[in-house]
Protein chains: 2
Amino acid sequence: MAKAAAVEADTGKELCCTSVIEAPLSQAEAAKLAGVLSALADPVRLRLLSLVAARTEVCSCDLEAPLAKSQPTVSHHTTVLAEAGLIVGEKRGRWMWWRVEPDRLAAIRAALGG
Amino acid sequence: MAKAAAVEADTGKELCCTSVIEAPLSQAEAAKLAGVLSALADPVRLRLLSLVAARTEVCSCDLEAPLAKSQPTVSHHTTVLAEAGLIVGEKRGRWMWWRVEPDRLAAIRAALGG
DNA sequence: TCCACGTATTGACCACTGTCGATTCAGCAG
DNA sequence: CTGCTGAATCGACAGTGGTCAATACGTGGA
């Protein structure tokens with residue numbers, strides 16, 4: 001868990017100074033944005049995210065069935081989304097509870113010209 | 001070029017009925033959204049997109065230098081972005097001119113809860 | 001017609017990633 | 001302490017994707 005908790009999202013708030021359509025991105029900005037978008041660019045993770053958002057807080061064990069994926073696979077995807085800062089997890093007892101980080105999604109939209 | 005022109009973006013306008021954070025996505029919606037996001041989830045393509053957006057219209061030959069990529073690689077990335085509907089190309093003489101499709105980016109933002 | 005130039009395609013290589021079975025770790029109940 | 005349960009990690013596999021050299025295609029000029 002120490003490792004999982006050490007999952008810091010590098011929450012530098014905004015993902016790039018300006019939006020993609022306003023000015024050419026630097027390599028560093030492009031790499032950072034691409035990293036977060038890669039976390040979103042997977043159908044399983046998109047559905048996982050929408051499942052968590054639908055109920056404000058979801059236990060890992062309640063994700064295996066709707067996603068039709070094994071427990072290690074679900075754990076992998078939650079880790080990826082958490083590293084991207086899109087969800088945050090809290091361990092209560094034996095269960096891991098996840099909730100979305102709306103600010104992060106908003107930052108992505110802003111980077112995309114929102 | 002016929003092949004390149006045949007690159008249809010499956011422009012079904014909106015990418016999913018509702019935004020990711022409003023309701024659980026169906027597998028089909030998730031797959032479609034993930035496909036478009038995959039096109040964006042690459043630092044080279046993000047920089048390519050921003051370069052095109054910065055000048056409203058750009059020739060392929062003017063992308064190799066700023067991206068520091070070979071001509072086949074640039075061609076590959078423009079094809080991927082075009083298939084995702086994010087840019088559109090027009091061949092004039094020997095040159096291929098690209099411009100962004102702002103509506104497509106807006107659709108992505110909407111799908112992300114914009 | 002032939003040549004030069006810009007672009008697209010092919011083929012190959014390597015790195016990365018999604019997936020799962022097996023295992024290990026952590027917290028709770030008895 | 002022991003056993004049970006939920007989650008994270010490991011190891012391995014298959015599939016995908018970015019890259020470039022080489023080649024093919026198409027257009028315009030000489």
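Note on naming: letters A, B, ... go to the chains in the order of the sequence lines (proteins, then strands), and numbering restarts at 1 for each one. Source: prediction; values computed, not measured.
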One should read off an interatomic distance between Leu49(B) CG and Arg104(B) CZ, to the nearest 0.5 angstrom, of 12.5 Å
Ranking Val80(A) and Arg94(A) by the position along DNA chain C of their nearest nucleotide, the one closer to 5' is Val80(A)
Closest to the side chain of Trp95(B), out of dA8(D), dA8(C), dT7(C), is dT7(C)
Item checked: Leu67(B) and Arg47(B): CA distance, side-chain angles, deciding distance, side-chain contact (heavy atoms from CB on, under 4.5 Å) verdict -> CA-CA 7 Å; Leu67(B) 293 176; Arg47(B) 296 187 64 224; 3.9 Å; yes
For the backbone of Leu25(B) and the side chain of Ser50(A), can you confirm whether one donor and one acceptor N or O come within less than 3.5 Å of each other? yes
Just wondering, do Glu29(B) and Gln27(B) contact through their side chains at under 4.5 Å, heavy atoms?
no
Worksheet item: With a 4.0 Å cut-off on heavy atoms, is Ser75(B) in touch with a base, just the backbone sugar-phosphate, or nothing at all?
Response: base
query: Reckon Ser60(A) touches a base, only the sugar-phosphate, or nothing at all at heavy-atom distances under 4.0 Å?
result: sugar-phosphate
Separation between CG (Leu37(B)) and CZ (Arg45(A)), nearest 0.5 Å, reads 11.0 Å
note: Leu48(A), atom CG; dG18(C), atom C1'; distance rounded to Å ~ 14 Å
Ranking Val44(B) and Val74(A) by the position along DNA chain D of their nearest nucleotide, the one closer to 5' is Val74(A)
Atom CZ of Arg47(B) and atom P of dG18(D) are separated, to the nearest Å, by 16 Å
From CG of Leu63(B) across to C1' of dG18(D) the rounded distance in Å is 17 Å
note: Lys91(A), atom NZ; dG6(D), atom P; distance rounded to Å ~ 12 Å
query: Phosphate oxygens OP1/OP2 of dT19(D): is one of them under 4.0 Å from a side-chain N or O of Thr73(B)?
result: no
Value for OG (Ser26(A)) from CG (Leu46(B)), rounded to nearest 0.5 Å, stands at 11.0 Å
dist Leu105(B):CG -> Arg109(A):CZ (nearest 0.5 Å) comes out at 13.5 Å
Check: Within less than 4.0 Å of OP1 or OP2 of dG18(D), is there a side-chain N or O belonging to Lys69(B)?
Finding: no
Whole-Å distance, Arg92(B) CZ to dG26(D) C1', equals 17 Å
Flag for Ser75(B)-Thr78(B): side-chain donor and acceptor within less than 3.5 Å
no
Nucleotides 12-17 of chain D: which of its N/O atoms have a protein N/O under 3.5 Å away?
none

With the side chain defined as heavy atoms from C-beta on, Pro72(B) is closest, among dT19(D), dG27(C), dT9(C), to dT9(C)
Mind running side chain to side chain donor-acceptor pair (under 3.5 Å) on Ser60(A) and Trp95(A) for me, showing each step along the way?
CA-CA 7 Å; Ser60(A) 283; Trp95(A) 295 273; over 6 Å; no
- Please walk me through it: do Glu57(A) and Arg55(A) pass salt bridge (charged side-chain N to carboxylate O under 4.0 Å, His left out)? CA-CA 5 Å; Glu57(A) 211 170 37; Arg55(A) 284 191 282 162; over 6 Å; no
Rounded to whole Å, NE2 of His77(B) lies from P of dA8(C) at a distance of 14 Å
Here the distance between atom P of dG27(C) and atom CE of Met96(A), to the nearest Å, is 12 Å
One would report the end-axis bend of the helix from dT1(C)-dA30(D) to dG30(C)-dC1(D), five pairs per end and rounded to 10 degrees, as 20°
Gln71(A) CD to dG18(C) C1', in whole Å, measures 15 Å
